[in-house]
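These notes are about the structure you will find just below.
Heavy-atom basis, side chains included; hydrogens, waters and symmetry copies ignored. The sequence lines fix the lettering, A, B, ..., with proteins before strands; numbering per chain opens at 1.
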Amino acid sequence: MKSYDHKSIEKKWRNKWEKDGLYKTPDSAKGRENFYLLTEFPYPSGNLHVGHWYAFALPDIRARFESMRGKNVLFPIGFDAFGLPAENAAIKNKVNPRNWTESNIEYMKGQIKSMGTSFDWSREVQTIDPDYYRWTQWMFLQFFKNNLAYRKDTPVNWCPKDKTVLANEQVVDGKCERCDTEVVQKQMLQWNLKITNYADRLIDDLEPLDWPKEIKDSQRNWIGRSEGAEIDFPLVGNVKDDSRFLLLHGRESTSAGEYQPWLKAELEKRGYEVEVVDLPNPNEPNDKEQADYVEKHCKLDERTVVVGHSFGGVVALRLLERGHKVRRVVLVSTPYSGRFLDKKVRKSVTAALKKRFDFETIKKNAKTFMVVPDAKDPVVPASDGEALRKELGAMYMPGKANSSHFTADIEQDVLMMCAPTIRVFTTRADTLYGGTYLVLAPEHPWVQLALAHKGLLENEDEVVRYIDTSSKKTEIERQAVEKEKTGVKLKGVRAINPATGKEIPIWVADFVIGSYGTGAVFADAHDERDYAFAKKYGIPFKETLEPVATKTTGADALKPNMPLIDRQAAMAIVRHPTEDKYLGVTYKPTSVKGFISGGIEDNEKPEEALKREIREEAGFTNIKNVRQLGSVIHSRFWSVKYNRNTNSHYLPFLVELEDLAREEVSAAEKAEHDMEWMSPTELETFINRDDWRAAWNRLQGRAYAGKGILFDSGEFSGLTSDEAIPKIGAKFGRIVKQYHLRDWIVSRQRYWGVPIPIIHCAKCGMVAVPDKDLPVKLPEVKDYLPEGSGKSPLAKATKWVKVKCPQCKGPAERETDTLDTFVDSSWYFLRYSDPKNKKKFADRKKMDAWMPVDLYSGGAEHTTMHVLYSRFWQKALFDLGLVKDSEPYKRRMNRSLILGPDGQKMSKSRGNVVDPDEVVARLGADTVRMYLAFIGPYNEVSSFPWNPDGVAGIRRFLERVVRLSECVVNEEVPENESILHKTIKKVGDDIQALKFNTAISQLMISVNHIEKRGKIAESQWDVFLRLLAPFAPFVSEELWYDAGHKTSLYSAEWPAYDAERLVDEKVTIAVQINGKTRGTALIDVGIDSIAQEAEAQKSVQDRLIGKKIARTVVVPGRLVNFVLEE
RNA sequence: GCCGCGGUGGUGAAAUUGGCAAACACGCUAGCUUCAGAAGCUAGUCCUCGCAAGGGGUUGGGAGUUCAAGUCUCCCCCGCGGCACCA
């Protein structure tokens, strides 16, 4: 009896494979197609768990299979080795994070190799390798140079414990993903990547990908695109004044440039006087010359508001310096430092800025200064705005430019700073005519603006108090959906609804989010939240939609291509005279559940029709009171009774009865409906059609938030919501898209990461480290605790921080933040194609030979973050011409989760952690691999508990296979039912479909057959071993050599099957009577259906006696069904 | 609330895509083997009525389409995951 000594077998073959370089992948191989199989590289936490086995050993099955099938398979591995745990361990144990990480990697390598994976270790990639992160830095700089990376003062999620900034994705339920500490909001200068530029492409490019639906959906969901309209509401009240405006354009512009003509028109529309001017020498502007010109040609008085764009702002300041008194100065993207990214600009404008401003004088000559910088301005750094704000004590209004540097034709934020206008975002422009108030987020810039003008708001204190309270609330408190909405009215101002022309009140409430849309909404009666808020604070509301309920499913669904017959009708919610109960009606043919209803005859009043229906259907005669419940409710459904598509226009009523006195109801009526008194709670679940639900909700005082037909909406009355939304949006505003996705904040105030390769110079601003100086290596520091003030521990390496500016050679400082580790993993799959390249991140030809990834296997936890980030990265590289494809992964799959034996997630605290090393030592790596493969389908997201008995079962199976080698005979053994050919087909098909579990079950079936037969021919044994090979590589190789082969099983070809032999000679068919299986028949394959029917009839002869066969259904080779007459 | 995934024996799960539901395993039961344990072998194991032959039922619940439904359609229930004061 052969014994199965897994320990010696595994050791032997692991060493031999490594020595022979069996798994080295060439960049191309003659006659072999390239196949790139990627699994997410691990974080070197120190110990491999069962999940790692699931992640690596199962794709290995596919890798070995593809390789045996003749593909040149790239199946690489590496380590995502930067990140917090190393640093936390370093702080705790006073060790170097690099040492900690590297020793973990060494240990885990051994573990991964023990799995018998066919990884090509010669292509290993580690993100902490300076030869790797040189290119991480290089790519970051490409983004920086192309305006995809920028620094911005951002409200960030700050973890007080880890003392670092977290990405939105790292905040779970308002807590730090890693340490569970409550996250707080903080304003900090952060590096961002402009992933929002790619929002549309990240959604649209998903369409053709061969990915599971749920992955695509969660990507779309995360980006959160919604289409709607932005609509402007002019403000009136205390804001109305006698200001006149003077618009000063910037360099290389005229009075007809940028937003100037639009702004002029908008201001004039609001009744303001506007003066524009063409300044001399705009291409090489001179501030003195232009100021002289304005003095001479323009009016400057105490009513004047000067709006200066860019260089025009400089001119404005010069005018005040000369003593001109004006009311207000608005500085849009105005330069101050004289540092510009564009050298041409620097030359002409810095000259003007060399002369210092006399801010003391300037400040005296206007009441208010407003600085409007553009955060993403590529011309004037946003920090200039910050500096001007300090010098002038100005109001600081960071704007969102439509085009950077506010160069678009329409720049709403500029208008907002000039003339009070609130822009709202809505997806439901159809309800605009019912917009009866505005709600602003507490952080809305206009609220700040209004508060800065003392006396503008009549309830300043109240507003300030409200804003304070809500800013102190944590994000979680603010987002608690259940909580009562709170808000405060802005007294002294009103907005004008552009559709109705009516003045409406303005509220501030923290249920409106400053960062989404425009931070402002108009509120109407067709939104649950707005409606509830209006009721709470007694704000008037107005319905403008008649509900439309269209039945598309069920027995009363509209039938397509049939005319729609209009019908005037009334519906009655009948209240019980003494109890809080209502009459629920079930209509019998369709089991539609609602209330009493009926058509209104000609010359009949709705109330009369109603009384008649109530008497006819329910018999009640004494009606006390009838009250109409709002406007018409339209209902489109198939009428079973009249056999036609009906468009019922219901008037809903509440009917109160005097008493329960009733007449006899006719039998015909009784047959049509059941009636029952029901409590409101019962009715909630009883009603099953939207028209009745709409009436019921009205009675309950709930908003109708669905779509409908517009009324009281001017020229749009009578349109449906879907028709009106784009029309109203376009007439009173513009159609826009909004995204939930924010730019990706990539800076981290942490040591153990890639240093951001930027140098800060007082003169030149932010300067990229030149390519020749890359990589910027992580400096050594004494301890790794964050500095605490928001600077990373790198700031402690003072010598390292001090550098010469690469541009001006003056003293400068390095950026001390490091990059988010998601940056490291956004391109590692490219590096695998050429991991040792010193000149490029990868050779273009080698990359093109492998990319895009054919199959990417990963964890469901990475569906949104990592996959989205790396897709963005790939697209950015694609736009820079650095890669061939704009999508990195052809196919992505999410793997399931392995639970502990108790069905719970494995965790140390639960004590249900399965140690794979222990199981491997006891039962062998082949057993563990094969067990995990057998546990369930690999291509579905689910979770499987680890079953110790199940593992033992697989071990038994492998032992039986080993014993089977004793049965190999050097003679022909006729196959039993072509079982081997069926197995070749099924195993191959199932591996490709990633259903390893059924592939293994087929291997088991074939072993059962062979055991029964007691012998197997040598050639058949060879085939069997090749089928087993991907699953149990060690033992298969052992048996292969045992069988006399001299070269590795993994250089053998995958066996082919004979399609003809898959078909059996005889087959058992099912014989049914009336669709129920009553017997079986063994028939020859390929006999005609008449013969098959005859065979079948024989097998159920007894049951057919005295019966008449009405019909026979014959499915060749499958079944025969005799349908009997009644 | 919205989006997605799922619900089949005691357990993990199969089911040529509408054609004999429960393959393959685990577990369990009985027997054989064994000093004993472990392992192995044989038989049984969806439920139910029946000594048996055999009958009836069954894929979360209900309705429908069909000769035939785990699979298609509709309504409802439950579980899991993600997003969420998103205008």
Side-chain angles (χ1 to χ4, degrees), chain A residues 212-218 220-222 224-226 228-229 424-429 431 439 441 478-483 485 509-513 515-524 527-530 532-533 552-555 557 591 593 685 688 705 738-740 860-861 863-864 894 897 903 931 934-937 940-954 956-957 959-960 963 985-986 989 995 997-1005 1007-1008 1062 1068-1080 1110-1115 1117-1124:
Chain A
K213 187 173 156 43
E214 68 268 17
I215 302 184
K216 290 187 184 181
D217 281 339
S218 56
R220 286 193 198 103
N221 198 318
W222 189 266
R225 176 164 70 188
S226 63
V424 303
F425 173 73
T426 181
T427 55
R428 289 296 301 273
T431 61
V439 191
R478 254 188 87 164
Q479 290 183 359
V481 183
E482 323 299 326
K483 259 189 94 180
K485 317 291 180 234
D510 60 12
F511 69 80
V512 175
I513 308 165
S515 59
Y516 184 79
T518 58
V521 298
F522 78 81
D524 60 81
D527 179 281
E528 283 175 43
R529 195 190 46 203
D530 297 346
F533 190 81
T552 53
T553 60
S591 58
K593 293 171 196 298
T685 51
N688 70 355
Q738 284 294 338
Y739 305 90
H740 174 207
E861 70 273 21
T863 16
T864 39
N894 282 345
L897 203 66
Y931 170 65
F934 187 58
I935 202 166
E940 284 170 23
V941 184
S942 164
S943 55
F944 307 110
W946 176 274
N947 179 351
D949 291 324
V951 188
I954 294 291
R956 278 203 292 277
F957 171 74
E959 280 170 3
R960 281 163 68 199
R963 249 177 278 132
K985 176 165 169 38
K986 178 132 182 80
D989 289 352
K995 290 172 154 191
N997 55 333
T998 47
I1000 292 171
S1001 94
Q1002 184 62 31
L1003 287 171
M1004 289 171 168
I1005 290 170
V1007 166
N1008 291 345
L1062 296 177
T1068 312
I1069 60 162
V1071 183
Q1072 301 181 330
I1073 294 172
N1074 288 338
K1076 305 215 169 189
T1077 306
R1078 294 300 181 198
T1080 56
R1111 204 182 139 188
T1112 310
V1113 180
V1114 179
V1115 183
R1118 296 219 137 267
L1119 61 70
V1120 175
N1121 185 13
F1122 298 104
V1123 185
L1124 303 182

Which of B:rA13, B:rA87, B:rG82 is nearest the side chain of A:N221? It is B:rG82
Of A:D217 and A:R1118, the one whose closest nucleotide on RNA chain B sits nearer the 5' end is A:D217
Whichever of A:K1076 and A:G950 has the more 5' nearest nucleotide on RNA chain B, that residue is A:G950
*A:N1074 side chain vs A:L1124 backbone, donor-acceptor pair below 3.5 Å*: yes
Note to self: A:F957 vs A:F934, test: ring pair (Phe, Tyr, Trp, His ring centres under 6.0 Å). Steps then yes/no.
What the structure shows: CA-CA 12 Å; A:F957 171 74; A:F934 187 58; 8.6 Å; no
To the nearest 0.5 Å, atom OG1 of A:T998 lies from atom CG of A:L1003 at 10.0 Å
Can you find a side chain N or O atom of A:R529 that sits less than 4.0 Å from OP1 or OP2 on B:rC86?
yes
Considering residues, nucleotides and ligands other than A:E528, do more than 12 of their heavy atoms fall under 6.0 Å from its CD? no
- With respect to the phosphate group of B:rC83, does any side-chain polar atom (N or O) of A:H740 fall under 4.0 Å of OP1 or OP2? no
Worksheet entry | Rounded C1' spacing from B:rU65 to B:rC51 in Å | 44 Å
Against the side chain of A:S942, the closest entry in B:rA13, B:rG19, B:rG4 is B:rA13
**Prompt:** Taking atom C1' in both B:rA14 and B:rA22, what distance in whole Å separates the two?
**Reply:** 7 Å
Picking from B:rA23, B:rA25, B:rA87, the nucleotide nearest the side-chain atoms of A:I1005 would be B:rA23
Looking across every strand, which nucleic acid part, if any, lies under 4.0 Å from A:T426 by heavy atom: base, sugar-phosphate, or nothing? sugar-phosphate
Winner on side-chain proximity to A:W222, out of B:rC20, B:rC83, B:rG56, is B:rC83
Regarding B:rG9, purine or pyrimidine glycosidic angle vs 90° from 0 gives syn
In whole angstroms, the gap separating P of B:rC75 from NZ of A:K593 amounts to 14 Å
When rounded to whole Å, the CD1 to C1' distance for the pair A:I935 and B:rC24 reads 14 Å
Q | Separation between the P atoms of B:rA43 and B:rA25, rounded to whole Å | A | 13 Å
* To do: Determine the contact category for A:N947: base if any of its heavy atoms lies under 4.0 Å from a base atom, sugar-phosphate if only primed atoms, P, OP1 or OP2 are that close, otherwise nothing.
  => sugar-phosphate
A:I954 atom CD1 is separated from B:rA25 atom P, nearest whole Å, by 9 Å
Do side-chain atoms of A:Y931 reach the backbone of A:N947 as a donor and acceptor pair under 3.5 angstrom?
-> yes
Check your understanding: Going by heavy atoms in the side chains, are A:V951 and A:W946 under 4.5 Å from each other?
Key -> yes
Please determine whether a side-chain nitrogen or oxygen atom of A:N997 lies at a distance below 4.0 Å from atom OP1 or OP2 of B:rC24. no
- Task: Classify the nucleic acid contact of A:T1068 as base, sugar-phosphate or nothing, counting any heavy atom under 4.0 Å across all strands shown.
- Result: base
TODO: Give a yes or no on whether a salt bridge exists between A:K986 and A:D989, defined as a side-chain N under 4.0 angstrom from a carboxylate O.
DONE: no
Rounded to whole Å, the CE-C1' distance (A:M1004 to B:rG12) equals 12 Å
Hits for side chain to side chain donor-acceptor pair (under 3.5 Å) against A:N1121, two or more places apart or cross-chain, chain-then-number order -> none
For A:Y516 and A:S226 the tightest heavy-atom approach is OH-OG, 2.9 Å
With the side chain counted from C-beta on, respond yes when A:V1007 and A:R960 share a heavy-atom pair under 4.5 Å apart, and no when they do not.
yes
note: A:E528, atom CD; B:rG1, atom P; distance rounded to Å ~ 10 Å
Query raised in the report: How is A:R225 classified with respect to the nucleic acid when contacts are heavy atoms under 4.0 Å: base, sugar-phosphate, or nothing?
Result: nothing
| request: Mind checking A:N1008 for me? I need base, sugar-phosphate or nothing, with any heavy atom below 4.0 Å counting as a touch. | output: sugar-phosphate
**Message:** At 4.0 Å (heavy atoms only), tell me whether A:F934 reaches a base, stays on the sugar-phosphate, or touches nothing.
**Reply:** base
Note to self: Between B:rA15 and B:rA21, how far apart are the two C1' atoms, rounded to whole Å?
What the structure shows: 7 Å
Discussion item. I'd like the P distance from B:rG12 over to B:rG1, given in whole Å.
Written reply: 29 Å
Its glycosidic angle compared against 90° from 0, B:rU59 adopts the form anti
To the nearest angstrom, the NZ-C1' distance between A:K213 and B:rC3 comes to 9 Å
* To do: Pick base, sugar-phosphate or nothing for A:R220, based on heavy-atom distances below 4.0 Å to the nucleic acid.
  => nothing
Provide a list of protein-nucleic acid N or O atom pairs under 3.5 angstrom, restricted to nucleotides 67-71 of chain B.
from: B:rC67; atom 1: OP1; to: A:R1111; atom 2: NH1; distance (Å): 3.0
from: B:rC67; atom 1: O2'; to: A:N1121; atom 2: ND2; distance (Å): 3.0
from: B:rC67; atom 1: O2; to: A:N1121; atom 2: ND2; distance (Å): 2.7

| Inter-nucleotide P distance (B:rG70, B:rC26), Å rounded | 28 Å
Whole-Å distance, A:F957 CZ to B:rA39 P, equals 19 Å
When rounded to whole Å, the CZ to P distance for the pair A:R960 and B:rC41 reads 7 Å
Mind checking if A:P212 touches a base, just sugar-phosphate, or nothing, with heavy atoms under 4.0 Å?
nothing
Students often get this wrong, so: under 4.0 angstrom with heavy atoms, is A:Y516 touching a base, only sugar-phosphate, or nothing?
base
Inter-nucleotide C1' distance (B:rC76, B:rG7), Å rounded:
14 Å
